[in-house]
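Notes to accompany the following structure.
Computed over heavy atoms, backbone and side chain alike; hydrogens, waters and symmetry mates excluded.
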Protein chains: 2
Amino acid sequence: MPAATTIKDVARRARCSIASVSRVVNDSGPVSGPLRQRIAAAVAELDFSPSEVGRSLALKRSRTIGVLVPSVTNPVFADCLAGLQDAARRAGHAVLIAQSNYEAGREAEAIAPLIAERPAGLVLTVCDPASSEARRRAAAAGIPTVLLFNEPAPAVGTEIDVEANAGGGAVVTVDNRGAGRELAAAVLARGHRRLAFVAGRFESSDRARARFEGFRDALTAAGLPVAPPIEIDFLDGADHIDLTEVLARLQPTAIVASNDLLAIGVMAALRRHGLAVPQDVSVAGFDGIAIGRLIAPSLATVEWPARAMGTAAAAMLLDLVGPRGGKPTAARTLRLPHLIRPGGTLADAPVTSCLPLETSP
Amino acid sequence: MPAATTIKDVARRARCSIASVSRVVNDSGPVSGPLRQRIAAAVAELDFSPSEVGRSLALKRSRTIGVLVPSVTNPVFADCLAGLQDAARRAGHAVLIAQSNYEAGREAEAIAPLIAERPAGLVLTVCDPASSEARRRAAAAGIPTVLLFNEPAPAVGTEIDVEANAGGGAVVTVDNRGAGRELAAAVLARGHRRLAFVAGRFESSDRARARFEGFRDALTAAGLPVAPPIEIDFLDGADHIDLTEVLARLQPTAIVASNDLLAIGVMAALRRHGLAVPQDVSVAGFDGIAIGRLIAPSLATVEWPARAMGTAAAAMLLDLVGPRGGKPTAARTLRLPHLIRPGGTLADAPVTSCLPLETSP
DNA sequence: GACGTCGATGTAAACGTTTTCACCAAGGTA
DNA sequence: TACCTTGGTGAAAACGTTTACATCGACGTC
């Protein structure tokens, strides 16, 4: 293999010291016209591009951002990642990825390789920010961290961590609980009175929990009983959701799922029971993934700007890191707005199925 | 920030040289029992984990794999990426990502940050392997490369590149053209005679081109005319596909799309025209994305093991790199099998709509 | 004419590892 | 006894950068 050309090769070719080459490449410090030209020519001829690893070592900081998501196969995280990667690239940073597979126990080992690369910062979506070992490790290593989609939580650990986690608890997220309330309210507004909630496992997602809490708020406010949520494996659970029991017991006229992927899985499950969406049962989800728009009936959901959230997370992290170690300028908590997206899966409650239920006086 | 602990800190604490620490950490070279214990203790107490950037510099090779895909928002690439990341992690490697947004012109700049990190190798899905500037750059930098999903193509460039691109043209892919043939044959078998093909732009995807060629093969073999394909922007084109013209001109009873995302977009477009799938028009795609199973009607498609392809690409790359620079042992071209997945979107051709067509004698 | 300033350049240290080499002691063989 | 091995250890070089510092000449000012 033709060993990559180094700054020394360029210096030799331009008949100067490596310091001058560095000055030209980074445009730091003064270099005379003629020498600058010779160096530029040498760089071009040798196709020199400086080694980030050498640079990282010298600078004690790399131009790399580490990202941990539950899984890149959930479109909402893929969107985030796409936005984040794009923003990072524009800022001259590379992106390292890791996945926890929605298991809190795997988070720490998942980000170990990221931390070993001494990244400029980390963007994490963890199962539970309050107890996240991964978050603690990042703080202990002194790596600035932005939480994505998680609920804001107090800075981890003790004194050293507070200092380490510059900006203590930076986060780009949405109002999960509020969205849950609004979505449930929208469902209630259509006359539904028996609602079920299908969620990814709460221990895997504070988002799912917060959305359910919002859902519960709305039902409680309407004076309705709240059935316990049905918890499903996030990773492949959507493929074969079993609604037999809840359909028999609760006979819901509407089912809210904690994300769109699960909502689509719920629709498939209902179909297996011979139930039509939305004629027999309405369905709604969270995330606003693109596919939800294209399917029939289109998916009623809560839409948030996933891609922009990735972009924002990158921006916040880079601000946190600071161009010159300066103090961060922007806010440390960003809650992006959401929007109830109406869809064909949400319709008025069927009149008939209200009958067998005990009616309120 | 508490500066990360280094090998020197450990050495000081264990009262020995950094060489011995390195020997213990990497289990290279002999260390006496007592000293080994002291060092292990110091490592544990200081929570030392070696800096990959220091290591990379010394070794002149990093434990990082760079991946370029058109976009992580296409589930088939997300699946690949998930598998690849998982395999890489198990092998102690980190994964850097880049996206070309399906634009050949962006590939080179997209992988520049990856190359700058001096990765152990690259996994690329490019628009056109034969003319890919990104591939040429990687070869010029002497970085082993595996193509993913692309058609195998001759090694790029001239002599030096052949040497550089160890294993000249390693590739993990599928039989795109064969799959196109088989899928078209399956559609023809249902009695369809007027077929349209909706593709991502050919200049963005040799896969789309190969699949169309297979489609054409089958139609030609059946003595049918082949209409020119309808080319769509990959990135957001699926959201608003315009079929007005092709529906008016060709009046197809079946539409094949070059991937599942587009196929789902085609279904939405047909619906806007008031056409029912599959009663009026059948639809089929390629990739076998998970969502295709859950929607109604379920999507007929060609399924390949996307996740396993990512895993395989990682394995092949690591083999190419070699644990100790040894010669690669495994095959350099891997074509994984595919499977026609029947689905509700593909049904018999409607009898009525055969009438207005000129029938073959 | 002495002195300071400033621009242009080079030298060398530092960053955190791995690894080669040298050294030393202990033990075996001739 | 003289000699080689062999296990254990440390010193130091190397990897590719950045940057603090030193040097030197030219120029301006008093």
**Message:** Strictly below 4.0 Å, N to O, side chains only: are B:Asp27 and B:Arg36 in salt-bridge contact?
**Reply:**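 Yes, this pair counts.
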In whole Å, what is the span from the [atom1] atom of [X] to the [atom2] atom of [N]?
X	N	atom1	atom2	answer
A:Arg23	D:dT17	CZ	C1'	14 Å
A:Arg36	C:dT9	CZ	C1'	13 Å
B:Arg12	D:dG10	CZ	C1'	16 Å
B:Arg61	D:dG16	CZ	C1'	18 Å
B:Lys8	D:dG10	NZ	C1'	15 Å
B:Ile7	D:dA12	CD1	C1'	14 Å
A:Ile18	C:dT9	CD1	P	16 Å
B:Leu46	C:dG16	CG	P	14 Å

**Prompt:** DNA chain C: A:Cys16 or B:Ala58, which has the more 5' nearest nucleotide?
**Reply:**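 Counting from the 5' end, the first nearest nucleotide belongs to A:Cys16.
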For [N] and [X] - does any side-chain N or O of the residue sit under 4.0 Å from the phosphate oxygens OP1/OP2?
X	N	result
A:Arg55	D:dT18	yes
B:Ser32	D:dT9	yes
A:Ser22	D:dT19	no

**Asked** Can you name the residues that form a side chain to side chain contact (heavy atoms under 4.5 Å, CB included) with B:Asn101, not counting sequence neighbours?
**Response**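 Side chain to side chain contact (heavy atoms under 4.5 Å, CB included) list for B:Asn101, sorted by chain: A:Asp86, B:Gln99, B:Glu103, B:Arg106, B:Leu235.
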**Asked** Can you list the residues that meet the side chain to side chain contact (heavy atoms under 4.5 Å, CB included) rule with B:Ala42, with sequence neighbours excluded?
**Response**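 Per chain and number, B:Ala42 pairs via side chain to side chain contact (heavy atoms under 4.5 Å, CB included) with B:Val10, B:Arg13, B:Ala14.
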Among [options], which nucleotide sits nearest the side chain of [X]?
X	options	result
A:Leu57	D:dG10, C:dT18, C:dG16	C:dG16
B:Pro30	D:dG16, C:dC15, D:dT9	D:dT9
A:Ser20	C:dA12, C:dG10, C:dT17	C:dG10
B:Ala19	D:dT17, D:dA11, C:dA8	D:dA11
A:Leu35	C:dG10, C:dA12, C:dT18	C:dG10

**Asked** Start at the 5' end of DNA chain D and walk down; is the nucleotide closest to B:Lys60 or to B:Gly29 reached first?
**Response**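 Going by which nucleotide is closer to the 5' end, it is B:Gly29.
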**Message:** Both B:Ser17 and B:Leu59 contact DNA chain D. Which one's nearest nucleotide lies toward the 5' end?
**Reply:**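 The answer here is B:Ser17.
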**Message:** Surrounding CD of A:Gln37 (heavy atoms of other residues, nucleotides or ligands, distance under 6.0 Å), is the total greater than 12?
**Reply:**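 12 or below, so no.
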**Asked** With a cut-off of 6.0 Å (strictly less than), are more than 12 heavy atoms of other residues, nucleotides or ligands near CD of A:Glu109?
**Response**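 Above 12, so yes.
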**Asked** Counting any heavy atom closer than 4.0 Å, what does B:Val31 reach on the DNA or RNA strands: base, sugar-phosphate only, or nothing?
**Response**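 Since only primed, P, OP1 and OP2 atoms lie under 4.0 Å of B:Val31, the category is sugar-phosphate.
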**Request:** Classify the nucleic acid contact of A:Pro50 as base, sugar-phosphate or nothing, counting any heavy atom under 4.0 Å across all strands shown.
**Result:**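 Sugar-phosphate contact only - A:Pro50 comes under 4.0 Å of backbone atoms but never of a base.
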**Asked** Should B:Ile39 and B:Cys16 count as side-chain neighbours, where that means a heavy-atom distance under 4.5 Å?
**Response**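 In short, these two side chains touch, coming nearer than 4.5 Å.
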**Prompt:** Is it true that a side-chain atom of A:Ser62 and a backbone atom of A:Arg118 form a donor plus acceptor pair closer than 3.5 Å?
**Reply:**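 Pair found, side chain donor or acceptor close to backbone of A:Arg118.
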**Message:** Over the length of the helix from C:dG1-D:dC30 to C:dA30-D:dT1, how much do the five-pair end axes diverge, rounded to 10 degrees?
**Reply:**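 For the helix from C:dG1-D:dC30 to C:dA30-D:dT1, the axes at opposite ends meet at about 60°.
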**Message:** Is a donor from one side chain sitting under 3.5 angstrom from an acceptor on the other, for A:Arg55 and A:Asn26?
**Reply:**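 Note: A:Arg55 and A:Asn26 side chains meet the donor-acceptor criterion.
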**Asked** Per the atom types in the model, does the base of D:dG16 pair as donor or acceptor with the side chain of B:Arg118 at under 3.5 Å?
**Response**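 No such pair is found, so the answer is no.
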